[in-house]
Amino acid sequence: MSHRTLAATGLVAGYERGRPVLDGASLDVPAGRRLAVLGANGSGKTTLLRCLSGALVPAAGEVTVDGARLGHDRRALRAHRQEVQLVLQDPDDQLFSASVTQDVSFGPLNLGLPEDEVRARVAEALELLGVGGLAARPTHQLSYGERKRVAIAGAVAMRPCVLLLDEPTAGLDPSAVAETLAALGRLQEHDATVVLSTHDVDLALRWADEVAVVVDRRVVQGSPEDLLGDDDLLARARLDRPWALTVGARLRALGLLRDGALPRDAAGLLAVLPDRPLSDRSTVPT
Amino acid sequence: MTGLAVDDAAWASAWRRRAPGDKVLLCGGLVVTALVLPAWPGSALVAVVAVALALGPARVPVRTFARAVCLPLAFLTTGAVTAVVEVGGEGIGWAPDAAVRAGSLMGHALAGSAAVLLLATTTPMSDLLPALRRAGVPAAVVDVASVVYRLLFVLLDSLRAVREAQAARMGYSSLRRSYRSSGVLAAAVLTRSWDRARRMHEGLTGRGMETDLRVLPEVLPSSRLFLATTVAGLAALVTTSAVLA
């Protein structure tokens, strides 16, 4: 997979009635990196991803790939979908076939690939998502988490440069979240740019290279530490501060952490904490 | 389990990996035999063979097969009654050969149904649909059947969830409330299916759908031994029927 620079500028988008969901939203998707799009329910995360995928035509503004404006005619969209794939939140919106293999083969066949190549891509996508063992299973007998990963495999089999995932961890138990994130990690090793939307700030902090917060119908983009440590922004976006930053800041105030970036998760915090009780210590760890 | 016993049986059947063409030949042959041979002993033999194959080598659960046969049995019984009752100048009465006609009709139809159910309980729809496409059935028909089959399970889930929510709030505590809740349930599932179809269309378009829903058929090689046994078995069935008759 080669890198493509996907961007949106001044997007105004919404649905039939009411004011626009996005009004002047701009976003740069960093090529080859992991971007988390954060926002409360109804903030416009899905609308933003749909605009980026070409599924929704914005009322104003533009989406560009490598600087070229995305058109919405059939030919332009066909080319765009080979580069950018959107995985919908509800896997049942995407899985239409009764068998896992058949469903995942749908996209590659639409690219006009020969059957042998399609079979290889289906096997590769299922392995990448850790669901190779489900290839012969009927889709309606899979668990919700399995269906989510099969739906992602359906997009991955098209080998897009940019993969957009709408709330891929919503409704999953912790082990399924871990499996999904591990699968996304494997995807990035294959050079894909991965964008996911979520309202889980803890997940965004530990997973993303960059975050974009959808707030007041616009997008604020930056590093996870900066944006997720900005209490004013989080309050406006109706999000909580990640617990790792809260606990990290408190530990630093107590002199238990040295200056620098705060750990992003439990493992990071544990790694920098002293390994002896405070009463045994005479100095702050360095 | 999905709630559709026949479908569950098909996915779990020992004949799941057999080529659909092989099974269509066997079951089609049994249906034709059931219709062409006399009800006794021909159709009876076909019914016995179909049930024995389903419960034996294909390992379809007895309960599933019995439940699946019950539904056509109800239709057949109704049909048989209309065939044996005669309306004449003296009013309504039994046809002179009522017992023979009813027996013949039921025999042919039940044996044919058993043969069709042998196919249905051993072959998932996802195997049959590509076979239909290869057999020349128009792509649009196969695509619609494919999406309907998939949505059936999604909507059944919706139906169950909404009904449980209604029942938990006393929606079925009286006949009147049941009528009302059933109506609301139907309306809810209708609007959900409409919305679901719209979102599914978007999902499929995103994966490059332009005209049809082409998918990779599973490779299930045909077995010469199975085909030879099928032909020999059908011939033996016809011969046995002729001898017994």
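Proteins get letters first, then strands, A, B, ... in listed order; numbering begins at 1 in each.
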* Checking A:L95 against chain B: side chain, backbone, both or neither under 4.5 Å from a heavy atom? -> both

* Asked: Side chain, backbone, both or neither: which part of B:L213 has an atom under 4.5 Å from a heavy atom of chain A?
  -> both

* **B:R196 bridged to A:D90 by N-O distance under 4.0 Å** => yes

* **Under 4.5 Å from a heavy atom of chain B, the part of A:R50 involved** => side chain

* With a 4.5 angstrom heavy-atom cut-off, which part of A:S53 approaches chain B: side chain, backbone, both or neither? -> neither

* **Salt bridge flag under 4.0 Å for residues A:D166 and A:K45** => no

* Best-contacting candidate, B:M125, B:E218, B:M209, against chain A by heavy atom pairs under 4.5 angstrom -> B:M209

* Non-hydrogen side-chain atoms of A:L11 and A:L48 separated by less than 4.5 Å -> yes

* Let me know if B:R198 has heavy atoms under 4.5 Å from chain A in its side chain, its backbone, both or neither. => neither

* Aromatic plane relationship, A:H140 with B:W11 - under 30° parallel, 30 to 60° tilted, over 60° perpendicular -> perpendicular

* To do: Examine whether an atom of A:L109 lies under 4.5 Å from a heavy atom of chain B, and if so say whether it belongs to the side chain, the backbone or both; otherwise answer neither.
  => both

* **Contact winner vs chain B - A:P138, A:S99, A:G107, A:A98, heavy-atom pairs under 4.5 Å** => A:P138

* **Partner chain B: residue of A:V104, A:D92, A:L88 with the largest heavy-atom pair count (under 4.5 Å)** => A:D92

* Do A:E179 and A:K148 sit within salt-bridge range, that is, some charged N less than 4.0 Å from a carboxylate O? -> no

* Does the ring of B:Y172 carry B:R163 above it, NZ/CZ under 6.0 angstrom from centre and within 45° of its axis? -> yes

* Would you call B:R16-B:D127 a salt bridge at under 4.0 Å N-O? -> yes

* Asked: Is chain B contacted by the side chain of A:Q94, its backbone, both, or neither, given a heavy-atom distance below 4.5 Å?
  -> both

* Structure fact -> Of A:E115, A:R74, A:Q82, A:R119, the largest count of non-hydrogen pairs under 4.5 angstrom with chain B goes to A:R119

* Just checking, any donor-acceptor pair under 3.5 angstrom between side chains of B:S173 and B:R177? -> yes

